[in-house]
Structures are given as structure tokens and as C-alpha cells.
Amino acid sequence: MSARLTPAALRARFVAAATAKFARNVPDFVALQQLVAANGGTFRNDHGAIRSADPAVRALFVRAARAFGLQRERSYFFPAKKLKSFDLQVIGDDASQFKIFVSEVDLEAFPDDVAALIRADCQTQAQAVDHGPLLALLERFEGHGYLVEADADALIAHVVERLMQRNGPPLKRATLDAVAGVSGEAASALALGPDFNHVTIDVRAANFPGIDAMAEAMRGAGLRLLPAIQGAPGTALRQTATMAATMDTPVLEADGTLGVAPTEKQFVEIIERSQARDADGAPLWAQDGTPLIFRNFLAANAEKIFDAASTRVPHC
């Protein structure tokens with residue numbers, strides 16, 4: 001009888017596959033993994049993040065994430081970025097469990113003509129892929145609470161290589177420029193598609209005493225970081241990130257020919273989580289008496305992390 005893979009096992013396979021795909025596309029991540037290994041640490045992916053402009057893609061991704069034991073929990077709002085976000089979590093006290101930070105392009109915040117361009121791009125992408133096989137696999141999981149080996153492999157492959165991907169034609173340059181004029185973060189979301197725009201290295205697992213030391217080591221290795229660490233020393237959550245490399249992205253020109261446009265899409269974050277506190281500032285403890293580590297996100301931190309991948313209108 002084939003092994004039955006429950007959500008925890010499916011989640012582990014998903015994280016491995018999606019992280020491997022990310023490594024193929026982001027040289028800074030490979031360099032950072034080498035830095036961690038040289039420091040005697042291990043890579044633990046605290047969370048990945050996606051941005052999407054298509055509500056149907058977002059809904060399907062959330063449904064797939066439930067098969068990985070991840071549930072929607074808190075919401076976060078970024079009106080200046082024209083994004084609204086939420087986290088997908090393994091509900092409980094264990095902050096070391098993998099999480100996903102999902103950001104949606106807030107179409108209602110865009111001028112009508114630019115929103116229409118975004119919707120048109122989403123429609124062309126949707127028409128280029130058949131998610132029927134994924135829906136069938138999710139229905140199978142939802143009926144039993146597990147998947148057999150072959151179905152698990154097919155589910156992971158479809159989510160990572162089809163759902164988390166631009167499947168249709170390249171983005172139109174006119175759309176990219178119009179969106180970038182309103183929100184560089186939304187422009188980067190369209191250019192990349194709903195793939196991980198970043199993965200996150202846990203500082204303590206990497207064997208650094210804290211995020212300041214790891215950031216210093218990263219700069220010493222030649223990595224470009226955001227100007228500041230988000231979160232004050234001693235607070236529950238501290239984060240920073242590399243700056244996304246500028247990459248040539250295929251775009252469709254007005255005359256139908258294929259061109260390229262400079263975009264910023266993917267980067268690497270590092271994170272340090274500490275003891276959570278209640279609304280009055282009192283430290284929180286887990287059921288076993290150990291410190292309850294903060295496992296969610298802070299909008300004030302995320303606002304600045306978004307700056308690591310923001311595609312702006314080029315100036316001539």
C-alpha cells in the first residue's frame with residue numbers, strides 16, 4: 001500500500017521544491033546559503049512570500065496551502081504600496097513552522113484604466129493554464145486528509161511549476177510602465193507572477209548571535225542590503241533583506257515584438273524572532289513554560305521589506 005502523506009509531509013515537500021526553484025533563479029540566495037554553511041549554521045526557511053494581482057489565483061493558492069496544513073490568520077494593509085496582505089500559518093505555539101506571506105494587488109486602489117490593464121493581463125495568464133488536475137487532487141485531499149505518493153508528487157509539481165508561475169505571454173510594456181507609475185511593488189508582482197518573491201533565513205538557525213551580526217557578515221560578503229534593519233533591538237520581530245537584482249524581463253512591445261525591461265523581482269530576507277508580548281507589553285509563555293516566540297508579522301516591518309523588490313518607471 002502506498003504511503004499516506006498528511007499535511008506536514010506535504011508541506012515539507014512543498015517547501016523543498018519551492019525553495020529549490022527559488023535557488024535556481026536567485027544567485028544571492030545560493031551565496032547566502034554558502035555563508036550560512038561556512039558559519040556552521042543550517043538553513044531554515046522561516047517563510048516564503050508571494051504577490052498576486054489575480055483574486056482567483058490567490059484563492060486557489062490558499063486552498064492548496066490548506067493541504068500543507070497552512071491556514072489564513074492575520075491581515076495586514078499597505079495603502080501606500082497598493083497592497084493588502086495576510087499570513088498562512090500552522091496554528092499553534094511553534095514559531096519555527098514554515099509560513100507564507102501573501103500579498104494581493106489592491107485593484108480598487110488603482111485608477112480605473114490601470115486596473116483594467118492589470119485585469120487584462122491576469123485574464124491572459126489564466127487562459128494559458130489548466131488547473132483542472134490541481135483541483136482534482138485538492139478534492140481528493142479534502143475528502144481524505146492525505147494523498148498517496150504519486151498524487152502528492154503531482155500536487156507539489158503543479159503548485160510550484162504551474163500555479164506559482166506566469167504561464168501565458170509576457171507582460172505588455174505599456175502595462176508594466178502604467179502599473180509601475182502607481183506602485184513599483186505591484187509592477188514587480190506582475191513581472192514575476194505568483195512565485196516566491198523572497199524566502200527567509202532564520203538568523204539563529206544560521207548560527208549567528210543576532211541579526212546585526214548576520215547583516216554585517218552579509219555586507220562583508222558583498223551582498224547589498226536594505227538601508228536599515230526593521231524592528232528595534234529587543235523587540236519580537238527583526239528583519240532585513242537583500243536588494244533584488246535588476247533583471248531583464250521579457251515584455252511585449254506596442255508593435256507586438258518581444259523586448260526586455262529592467263525589473264526587480266526576487267530577494268532574500270533574514271529574520272530574528274523573539275518572545276511575543278501581549279497588548280500590555282507582558283511577555284507570553286507557551287503551554288510548556290518556554291517563551292512563546294512571535295510567529296506572525298508586523299506591518300511596519302513589512303512596509304520596508306517590500307522596498308527590496310520594487311520596479312519603477314525607467315527615466316530616459
Side-chain angles (χ1 to χ4, degrees), residues 47-59 61 74-87 100-126 164-166 168-198 224 226-228 230 239-252 254 259-269 297-316:
H47 69 274
I50 69 167
R51 301 177 189 171
S52 177
D54 189 337
V57 169
R58 183 262 305 155
F61 188 84
R74 295 187 182 180
S75 296
Y76 312 83
F77 299 95
F78 307 96
K81 307 293 188 185
K82 305 297 187 286
L83 299 173
K84 49 187 179 180
S85 307
F86 58 89
D87 56 6
I100 302 176
F101 192 79
V102 179
S103 295
E104 306 173 79
V105 175
D106 186 2
L107 293 174
E108 300 303 317
F110 280 77
D112 290 345
D113 58 336
V114 182
L117 293 174
I118 296 173
R119 291 189 176 97
D121 182 70
C122 291
Q123 185 176 14
T124 62
Q125 296 305 303
M164 296 172 65
Q165 180 99 350
R166 281 187 67 93
L171 185 64
K172 292 180 179 180
R173 184 185 293 275
T175 299
L176 178 64
D177 288 350
V179 175
V182 180
S183 166
E185 292 75 18
S188 289
L190 289 182
L192 176 63
D195 200 357
F196 279 158
N197 67 69
H198 73 265
R224 294 186 311 123
L226 286 168
Q230 302 308 306
Q239 302 158 267
T240 193
T242 63
M243 297 298 295
T246 299
M247 303 180 68
D248 284 339
T249 296
V251 291
L252 288 176
V260 294
T263 62
E264 288 74 41
K265 297 183 289 190
Q266 292 177 294
F267 59 94
V268 187
E269 182 183 327
F297 299 90
L298 297 174
N301 286 16
E303 182 97 20
K304 295 298 183 181
I305 297 295
F306 280 134
D307 293 342
S310 179
T311 296
R312 302 299 178 185
V313 178
H315 296 285
C316 298

Salt-bridge present (Glu104, Lys84; N to O < 4.0 Å): no
Aromatic centroids of His47 and Phe297 separated by under 6.0 Å: yes
Straight-line distance of Arg74 CZ to Leu298 CG, nearest 0.5 Å: 8.5 Å
Ser52 side chain vs Val57 backbone, donor-acceptor pair below 3.5 Å: no
Student check: side-chain heavy atoms of Phe78 and Asp106 closer than 4.5 Å: no
Ring centres under 6.0 angstrom apart (Tyr76, Phe101): yes
Check: Val105 and Arg51 side chains under 4.5 Å, non-hydrogen atoms: no
For Ala53 against Ile118, the heavy-atom pair lying closest together: CB-CG2, 3.6 Å
Exercise: do Gln266 and Asn197 side chains pair donor with acceptor under 3.5 Å: no
Close side-chain approach of Thr175 to Leu190, heavy-atom, < 4.5 Å: yes
Under 3.5 Å donor-acceptor, Gln125 side chain and Pro169 backbone: yes
Those residues that, when tested against Gln230, pass side-chain hydrogen bond (donor to acceptor under 3.5 Å, both in side chains) (two or more places apart): none
Pair Glu185-Ser310, side-chain donor/acceptor within less than 3.5 Å: yes
Salt-bridge criterion met for Asp307 and Lys81 (N-O under 4.0 Å): yes
Between CG on residue Leu117 and CG on residue Asp112, distance to nearest 0.5 Å: 11.0 Å
Euclidean distance, Leu192 CG relative to Leu171 CG, rounded to 0.5 Å: 11.5 Å
Non-hydrogen side-chain atoms of Val114 and Val179 separated by less than 4.5 Å: yes
Heavy-atom closest contact (Leu176 atom, Ala261 atom, distance): CD2-CB, 3.6 Å
Rounded distance [0.5 Å steps], CZ in Phe306 versus OG in Ser183: 9.0 Å
Contact check, side chains of Arg224 and Thr242, non-hydrogen atoms, under 4.5 Å: no
Closest non-hydrogen atom pair, Met243 against Phe267: C-CB, 4.3 Å
Nearest-0.5 Å distance that lies between atom CD1 in Ile50 and atom OG in Ser103: 8.5 Å
Pair Lys82-Val182, side chain to side chain contact (heavy atoms under 4.5 Å, CB included): steps then yes or no: CA-CA 8 Å; Lys82 305 297 187 286; Val182 180; 4.0 Å; yes
Asp121, Asp54, Asp195 screened by salt bridge (charged side-chain N to carboxylate O under 4.0 Å, His left out) with Arg166, the one that passes: Asp121
Side-chain heavy atoms of Ile305 within contact of Leu226, under 4.5 Å: yes
